[in-house]
Protein chains: 2
Amino acid sequence: MPDTVNIPGEKLAALEEALKAAGLRLTHQRLEIYRELLAATDHPSAECLYQRLRRRIPTLSLDTVYRTLATLAAHGLINRVETLESQARFEATSGRHHHLICRKCGKIADFQWPDIDSAALPQEISEWGRIDLKNVVIHGICRTCLERREK
Amino acid sequence: MPDTVNIPGEKLAALEEALKAAGLRLTHQRLEIYRELLAATDHPSAECLYQRLRRRIPTLSLDTVYRTLATLAAHGLINRVETLESQARFEATSGRHHHLICRKCGKIADFQWPDIDSAALPQEISEWGRIDLKNVVIHGICRTCLERREK
DNA sequence: CTTGATGCAAATAGTTTGCAGGCTC
DNA sequence: GAGCCTGCAAACTATTTGCATCAAG
């Protein structure tokens, strides 16, 4: 099993470029945090990322995870995902997608819905202001939790 | 100017019924907090509701606002609105609607989008589990903030 | 070398909880 | 009158910040 996550080079190049453009340094921690987020599919919280990374980088501190997540989010490399929980969750920025959230176990899954992506917004919206992002959030109970409940 | 907010009786009846069904009491505080939320259009935070209600009920405590919001939310009378901010925001449960969030001032507006409400979800979703709620969240910058920025 | 980034520890913000007295049913 | 609800204060959780040190460019 590899000790570090291996990730498409283009994404890492984007990280390096975005950081450089903002006059920020490409540090070991930033690289690893971003890598971990690229590899993760479960929209981890800061705390959760910290636990995973600690195995590889024992000296890493939770503060740095928070600071790095804020930095990366500010530069559009990652997204803060809005949930109803108190803990913030994160994902690496990637193609257009939407979220399924289980209200029981809190798991977040992605799904595609091209029909919505291309659908025209209601007329009234254009008067509200400038639209940056259109996202569908679906709440429900995932299959695993449903089956657990039946027992 | 009226000292208390006046609200359609049906909503209040729903509150009374829902509380009674759960074996909970209809207290002055719960009534007023729910009334305030029914009247509000700006999805206020707990702190914000507290400030508004204090004028009418000087003895009200912030803790009670939090506790009451949790109670009402647990019984489906109000919704916690998910935002990217750290503060939770609330709205009285009402007809199907979606949210516009200004990333500058944090204002949340409602809008209708019947096409989405009636649109069929992608096939894959049904395999995920049970769907309770389908919500569109739009992020952008509201007109007021756009104009302020131009100056 | 220089300056921004990190780790540590302490501070904050928002929210929750334990307890004693008050109010609804 | 009995027990849930409230207000008060203190506890908690997630996140942020000040400062001395470290490392990337």
Which residues satisfy the salt bridge (charged side-chain N to carboxylate O under 4.0 Å, His left out) test with Lys20(B), sequence neighbours excluded?
-> Glu16(B)

Taking every non-hydrogen atom, the tightest pair across Trp128(A) and Ala109(B) = NE1-CB, 3.9 Å

With sequence neighbours excluded, tell me which residues meet side chain to side chain donor-acceptor pair (under 3.5 Å) with Arg80(B).
-> none

How would you list, by chain and number, every residue that makes a salt bridge (charged side-chain N to carboxylate O under 4.0 Å, His left out) with Arg67(A), sequence neighbours excluded?
-> none

Apply salt bridge (charged side-chain N to carboxylate O under 4.0 Å, His left out) to Glu47(B) and list each qualifying residue two or more places apart in sequence or on a separate chain.
-> none

Non-neighbouring partners of Arg52(B) that pass side chain to side chain donor-acceptor pair (under 3.5 Å), sequence neighbours left out | Asp42(B)

Scan residues 42-53 of chain B against DNA chain C and write down, sorted by residue number, each residue with any heavy atom closer than 4.0 Å; if none is found, say none.
-> none

Taking the side chain as every heavy atom from C-beta outward, state whether Ile131(B) and Leu121(B) have any pair of such atoms under 4.5 Å apart.
-> yes

Glu124(B): side chain to side chain donor-acceptor pair (under 3.5 Å) partners, not counting sequence neighbours | none

How does each nucleotide of nucleotides 3-10 of chain D score, in 5' to 3' order, for protein heavy atoms under 4.0 Å: base (B), sugar-phosphate only (S), or none (-)?
-> BBSBBBB-

Could you tell me whether Ala70(A) contacts a base, only the sugar-phosphate backbone, or nothing, with contacts defined as non-hydrogen atoms closer than 4.0 Å?
-> nothing

Would you please name every residue forming a ring-ring contact (aromatic ring centres under 6.0 Å, His included) with His97(A), sequence neighbours left out?
-> His99(A)

Five-pair end axes of the helix from dC1(C)-dG25(D) to dC25(C)-dG1(D), angle between them (10°) = 40°

For Tyr34(A) and Arg30(A), what are the C-alpha separation, side-chain angles and deciding distance, and is it a side-chain hydrogen bond (donor to acceptor under 3.5 Å, both in side chains)?
-> CA-CA 6 Å; Tyr34(A) 185 58; Arg30(A) 285 178 176 167; over 6 Å; no

Between Leu26(B) and Phe90(B), who's closer to the 5' end of DNA chain C by nearest nucleotide?
-> Phe90(B)

Which residues share a salt bridge (charged side-chain N to carboxylate O under 4.0 Å, His left out) with Arg96(A), sequence neighbours left out = none

State whether Arg56(B) and Glu32(B) are salt-bridged, where the test is any N-O pair (Lys NZ or Arg NE/NH1/NH2 against Asp/Glu carboxylate O) under 4.0 Å.
-> yes

Does the pair Thr71(B) and Thr68(B) meet the rule for a side-chain hydrogen bond (donor to acceptor under 3.5 Å, both in side chains), with working shown?
-> CA-CA 5 Å; Thr71(B) 304; Thr68(B) 300; 5.7 Å; no

Where chain B begins and ends its contact with DNA chain C, read 5' to 3' at 4.0 Å from heavy atoms | dG14(C) to dC25(C)

